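Remember, it's a predicted structure, so these values are computed and weren't measured experimentally. Values below: every heavy atom of this structure, side chains too, minus hydrogens, waters and symmetry copies. Letters A, B, ... are given to chains in the order of the sequence lines, protein chains preceding strands, and every chain is numbered from 1.
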Amino acid sequence: MKLPESYYQDNDVIKLSRDLIGKYLFTRFDGLVTGGYIVETEAYNGIIDRASHAYNDRRTNRTEVMYHAGGIAYVYLCYGIHEMLNIVTSVEGQPHAVLIRAINPTEGIDIMQYRRDMAVVKPNITSGPGSVAKAMGISRRINGISLQSDTLWIEDRGLVFNDEQIAAVPRVGVDYAGEDAALPYRFYVKGNPYVSKPNR
DNA sequence: TGCGCGATATACT
DNA sequence: GTATATCGCGCAA
């Protein structure tokens with residue numbers, strides 16, 4: 001059921017970002033399972049990508065996990081408030097990562113609702129990277145964890161979206177990245193209500 | 001050791 | 001639409 005280690009070690013992070021759309025992402029904490037299928041991702045293409053933390057081979061304590069072989073999680077804090085979940089891909093020494101920006105929840109929605117402090121469930125419960133992490137209980141203490149673990153994993157349940165249903169557009173919030181800001185590295189399911197704001 | 005700033009979300013007007 | 005919370009990283013000094 002779980003996607004195997006080899007799935008993540010593909011060298012083409014753009015292709016993987018596209019392929020992860022429709023895959024099921026799960027977490028389990030204290031026996032509570034939450035998850036759903038991925039509807040929005042962004043690719044961060046290693047040391048040549050100005051929007052990536054690893055741009056120009058910036059290997060530091062923070063970025064170290066991105067240099068590991070694919071198949072683990074990279075979780076970091078942004079704006080002092082939001083945690084973001086990334087999937088590390090490619091081979092060792094190649095700091096590629098896929099940012100999970102939105103999922104369509106299917107399991108443990110009540111638990112996610114509680115974690116998000118929401119009185120009523122609305123689509124923004126898992127819309128946007130910070131929301132996904134909070135709803136699924138993901139934080140930096142999970143940084144570097146294997147996707148073969150029983151805490152965080154991804155499954156292929158046969159859900160497929162064709163190219164007509166998926167949009168490829170520039171990434172969000174990376175204006176500082178110069179020319180690389182225009183690259184179509186953001187993928188999402190057209191019309192899905194859980195996709196985060198900027199267009200749909 | 002200090003400082004500027006960001007892969008955002010939310011509560012405002 | 002725009003204001004603002006809030007912190008640790010990366011680089012300069």
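In this structure a side-chain-to-backbone donor-acceptor pair under 3.5 Å is missing from A:Lys23 to A:Tyr37. Remark: side-chain polar atoms of A:Asn11 are not paired, donor with acceptor, to backbone N or O of A:Ser90 under 3.5 angstrom.
The side chain of A:Asn124 lies closest to B:dT10, out of B:dT10, C:dC9, B:dT8. Taking only side-chain atoms of A:Tyr79, from C-beta outward, the nucleotide of B:dT8, C:dC9, C:dC11 with the closest atom is B:dT8. Distance from the side chain of A:Leu77 is smallest for C:dC7 among the nucleotides C:dG10, B:dT8, C:dC7.
Taking only side-chain nitrogens and oxygens, A:Arg59 never comes nearer than 4.0 Å to OP1 or OP2 of C:dG10. The phosphate of C:dG10 (OP1 or OP2) has a side-chain N or O of A:Arg62 nearer than 4.0 angstrom.
One can place NE2 of A:His53 at 11 Å from C1' of C:dG8, the figure rounded to the nearest angstrom. Spacing between atom CD of A:Glu40 and atom P of B:dT8 amounts to 11 Å, rounded to whole angstrom units. Remark: C1' of C:dG8 and CG of A:Asn61 are 12 Å apart, rounded to the nearest angstrom. Counting to the nearest Å, the C1' atom of C:dG10 and the CD atom of A:Glu64 are 16 Å from each other. Here the C1' atom of nucleotide C:dG8 and the NE2 atom of A:His82 are 15 Å apart, to the nearest Å. In this structure, the CZ atom of A:Arg171 is 16 Å from the C1' atom of B:dT8, given to the nearest Å. Residue A:Met118 contributes atom CE, which lies 13 Å from atom P of B:dA9 at whole-angstrom precision. Here C:dC11 presents its C1' atom at 13 Å from CG of A:Asn56, a figure rounded to the nearest Å.
Comparing A:Arg140 and A:Ile81 against DNA chain C, the residue whose closest nucleotide sits nearer the 5' end is A:Ile81.
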- [ ] Under the ring pair (Phe, Tyr, Trp, His ring centres under 6.0 Å) rule, what do A:Tyr44 and A:His96 come out as? Steps first, then yes or no, please.
- [x] CA-CA 6 Å; A:Tyr44 286 84; A:His96 291 177; over 10 Å; no
TODO: Check the pair A:Asp163 / A:Arg18 against salt bridge (Lys or Arg N to Asp or Glu O under 4.0 Å), numbers first and verdict last.
DONE: CA-CA 9 Å; A:Asp163 289 343; A:Arg18 156 71 180 80; 2.8 Å; yes
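Around CG of A:Asp30, the count of heavy atoms belonging to other residues, nucleotides or ligands within 6.0 Å does not exceed 12.
Heavy atoms of A:Ala97 sit nowhere under 4.0 angstrom from any nucleic acid atom. A:Tyr55 comes within 4.0 angstrom of no nucleic acid atom, judged by non-hydrogen atoms across all strands.
Across all strands shown, C:dT6 forms no Watson-Crick or G-U wobble pair with both key distances under 3.5 Å.
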